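These numbers were taken from a predicted model, which means no experiment stands behind them.
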Amino acid sequence: MALVRVISSDGAAFLVSQRLAKRSGKLKTEIETFRKSSDNSEAQPEIRIVTIRAEILRLVLQWLQQHQNDPVLPANQNEQDGRGDAEMGQSQWDRDFLAPMDLGIVMELILAANHLEVKGLLDITCKLVESKITGRTVDEIRTAFKLKSDFKGNEEEQTRLENRWCVEN
Amino acid sequence: MNSKMELRSPKTTPILSPELWSHILRFLTPNDLLSVINTCLEWNELLQDRKKTFLFPLILPSIMQHVDVNTSLKFRKISKSAKLAVDKTLQSFYNSDDDNPYDIHYEESSSQQHLRNVVIKLCYRYEYPFSFLGSFLAKVFPDFTEISSSTNLFLLGHIQYTDEVPHECDSRTITMVNILPKFGHHVSSLRCHVRENRSSMSILPFSHFVSNLRKVPNLKRLEMGTIFDFNPLPNRVLRWLPTDAYDFPPLPKLVLLVVYCVFGEREGESAPKFVLEMLKKYSQQLTAFTCRASLFTLPSLNLEMLNTSFPNMKKFHLMATRFSRDSRFQLEISTALNKLSNVSWRLEKLHFEVIGSSHDVLNPGDVLSTINKFHQSLIHLNLGCQLEATDNDDEDNEYEAGNGHSYREMSKLKILITNPRNLKLNLVKRFLQENCHSLKEIHLPSNMGEFMMFREEGRWALEKIRSVEKVVFWNKTYIRDKLTNVKYTICRTDTKTSDGVVDST
C-alpha cells in the first residue's frame, strides 16, 4: 500500500495511505506534485502542513478514515447534488464525533478542513457553528464567542444604518 | 496551566512568565495568533481562553457560505474585526476578476452560489441613481465632509451611477462630483450606464466619464454601456461627445472591461472612437474583456491590433444581439468569429452569448472552428447560444475544422456549459467525443418545462465521453411564486440522481 507522511505544524508525523490522503484536495495536489518532481516512483511523499497542529490534524485524518468509502466528491461538489449534504448526509458517527468538542476546536477544524479542502468536514463543522449563531442576537453571539464590541463613537450606528440600507426595499 | 511555570518560546527567546507572553501576544492579529497556537502545545494552552475570540473573524468566510444575507450583515455589528472580515469576504467575492458576477456560475458549489447571491443582492443596493444612494449616505453620514477618507462608504467597493447630471451644489451635498475625489480610492468596481433617450442631456454622464475615472485610481472592473442598448440604432448615445473626452487616466489595477455599447461601422463617429481610445489605453493590462460582436466590425480593430493589444487576455465574452435586421447580425457575428479565429490569445475561458432570439443563429462549424483555435489553453467554455441545425449535419459528413485542417484535441477543456439543444447536433457530439478527452463537467441550462427533454443527451454525454464525471441539468421554475434555479445531476461514479434548489430570484 502506497503511503504518505503528513507532518503537523508542531512536528507530529502521521503515516497514512495515499488513497486516504487523496480525499483531501490539498493533499492530493501535494502528492501529485511530489510524483511529478520525483525521479523515484517508489519514494514516499512527505507533506508538511505548517498551519495545522497535531491534535487537529489527527481529527481530520480520523474523519477521513471514517468516510473513506464515501463517493469521491469533485472539489466543487455540494449538498445540492444530494451527496455530502451537511444535514441529510450527517451520520450518527459525525454527530458523535463532533459532540464532545469544544467550540474552539470546532473552529480550528473549520480552518483545517478549508485549508486541506475536505468539503464534507467543512460542511458539518460550519453547520455546527451556524446552529450556535442562527436566531441569536448580536449580544448573544458576542457572549458565545467571548467577543467584545470595540466600535468607537457612532461607528456601530453607522454599521446599523448600512445594514438597514442593504436589506430594506 | 500553572501560572508559576516559566515558558520558553520554542528555540531562542529568553524566559518570560505566561502573563508577559499573554500581554505580548495581545497585540498580534488573528492570523498571527493562529500561527502561535500551531507552534507548540504550551502556546496553544496559553491562548486557550482567547481562541474563540480570535478565530471568529477567521472562520467567517466559511460560515458566510452557509447563512442568509441578514446573518452575514449581523456579523458586521459584532466587532470591528468581524465587520472587516465580512466586508473583505464580500469584496473579494465580488471583485475577483469575474467577467460576469451577476450570472449564475454553474461550476460553483451551492454554498459558493449562495454567497454570490448574497453579494449580488447587496450590489443592487449600490446601483441606484447616485442621487438616491446619496440620500442614504447623507442619512448614515450626516456630515460627510467630516468623515475620514479612509472610511469606505461602499460596502463592496462597487458603485453604479446612472444618468446623474452634474449640477450646481454646495460641497456638503452628496453627489458623485463631491464624493469621488475623497472616497474614490475605495471603488474597485464601477458601472456607468446612460439611459438612452433622445435628449442630449442624457449623455452628460458619459462626457464626465473620463474625469470620473481619474478619481477611482484603484478600479479593477469597469463596465460601461447604455441601459436600453437593444435599440438597433447605433451611435445614438456617444455621438456628441466632446473631442477632449478621450484623455483616459492610468488605472494600473484595471483587469476587466465590459463594453455594452452598440456600434455602427462608421469609425469616425464618437462612439467607436471613444471605445477604441479606451482600448488603446487599457487593453495591455486586461485579462478579461466583454464586448458586443459589433465592435469587431470596426476596421481599425484589425488582427494586428487584436494580437498586439491584448497580451494578457484570459477570459473573453462575446455578446451578440439579434435584431430584426438579420443581415446586420450575420455580418457582425461572422466578422467577430473570423477575427477571433486568427488571434493568438491564450484564452482560458470563452463565452458566446446571443440575446434576442432563441432560434438557430450560429453555424456550428464556424463556432467550433473558432473554439478549436484555443485548443491549447481553453478550460471553460460557455455556449450560451443555440447552434444552427444545418442540412449537412450528418454523421457521415466530412469532419474537419475548415481549410482541410483536422480539429485539434482540446487538451485542457474541463467545463462545458451549453444550450442543451446543441447536444442534438452530430457535429457537436463528434467534436466532444473525439476532441474533448479532458472534459469533466457538462452543464445544461434550460427554460421552464424543458427540463426533461434533454435527459437522453445527458446520458449520451456520460456514456460516450469517458472523462465526464457529471452532467447537470439546470431548470428555472416557479417554487412558491419565486423563480428558482433547480438542478438535477447525473454522475458517473454512481447512478444516483437528485434535485436541488439553488437560488431563488
*Residues of residues 12-22 of chain A with any heavy atom under 4.5 Å of a heavy atom in chain B*: none
*Quick one: of B/Lys52, B/Lys51, B/Lys440, B/Lys74, who has the most non-hydrogen atom pairs under 4.5 Å with chain A?*
B/Lys52
*Heavy-atom distances under 4.5 Å only: say whether A/Gln158 touches chain B with side chain, backbone, both or neither.*
both
*For chain A, find which of B/Ser79, B/Ser35, B/Ala82 contributes the most heavy-atom pairs closer than 4.5 angstrom.*
B/Ser79
*A/Asp10 side chain to B/Cys40 main-chain N or O, any donor-acceptor pair under 3.5 Å?*
no
*What heavy-atom pair brings A/Cys126 and B/His66 nearest, and what distance separates the two atoms?*
CB-CD2, 3.6 Å
*Contact class of A/Ala113 relative to chain B, heavy atoms under 4.5 angstrom*: neither
_Please classify the contact between B/Leu34 and chain A as side chain, backbone, both or neither, with a heavy-atom cut-off of under 4.5 Å._
side chain
*asked:* Show the nearest heavy-atom pair for residues B/Thr71 and A/Ile133, with the distance to one decimal.
replied: CG2-CG2, 3.8 Å
*Criterion side chain to side chain contact (heavy atoms under 4.5 Å, CB included) on A/Ser9 and B/Thr39, from CA distance to verdict*: CA-CA 6 Å; A/Ser9 63; B/Thr39 304; over 6 Å; no
*Taking heavy atoms only and a threshold strictly under 4.5 Å, list by residue number the residues of residues 105-112 of chain A that touch chain B; give 'none' if the list is empty.*
A/Met107, A/Glu108, A/Ile110, A/Leu111
*Proximal component of B/Phe75, with respect to chain A [non-hydrogen, under 4.5 Å]*: side chain
*A/Leu147 side chain near B/Phe56 side chain, heavy-atom distance below 4.5 Å*: yes
*Considering only NZ, NE, NH1 and NH2 on the basic side and carboxylate oxygens on the acidic side, decide whether B/Lys83 and A/Glu155 come within less than 4.0 Å.*
no
*Point-to-point distance, once rounded to the nearest 0.5 Å, from CD1 of B/Ile78 to CG of A/Asp150*: 11.5 Å
*Side chain, backbone, both or neither: which part of B/Asn44 has a non-hydrogen atom closer than 4.5 Å to chain A?*
side chain
*Below 4.5 Å from any heavy atom of chain B, which atoms of A/Ile56 appear? Answer side chain, backbone, both or neither.*
neither
*What option among A/Thr125, A/Thr137, A/Asn154, A/Val129 has the most heavy-atom pairs under 4.5 Å with chain B?*
A/Val129
*Qualifying residue, where the test is side chain to side chain contact (heavy atoms under 4.5 Å, CB included) with B/Lys77 and the options are A/Asp139, A/Ile141, A/Val138*: A/Val138
_Winner by heavy-atom pair count (cut-off under 4.5 Å) against chain A, out of B/Ile59, B/Leu58, B/Asn70, B/Val67_ = B/Ile59
_Residue list, side chain to side chain donor-acceptor pair (under 3.5 Å) with B/Asp87, at least two apart or on another chain_ = B/Arg76
*asked:* Under 4.5 Å from any heavy atom of chain A, what part of B/Leu155 do you find: side chain, backbone, both or neither?
replied: side chain
*List the atom of B/Gln48, the atom of A/Asp102, and the distance in Å for their closest heavy-atom pair.*
NE2-OD2, 4.0 Å
*State the NZ-CD1 distance between A/Lys132 and B/Ile63, to the nearest 0.5 angstrom.*
11.5 Å
_Quick check on the structure: residues of residues 25-37 of chain A within a heavy-atom distance below 4.5 Å of chain B, by number._
none
*Say you draw a straight line from CZ of B/Phe54 to NZ of A/Lys146; how long is it, rounded to the nearest 0.5 Å?*
11.5 Å
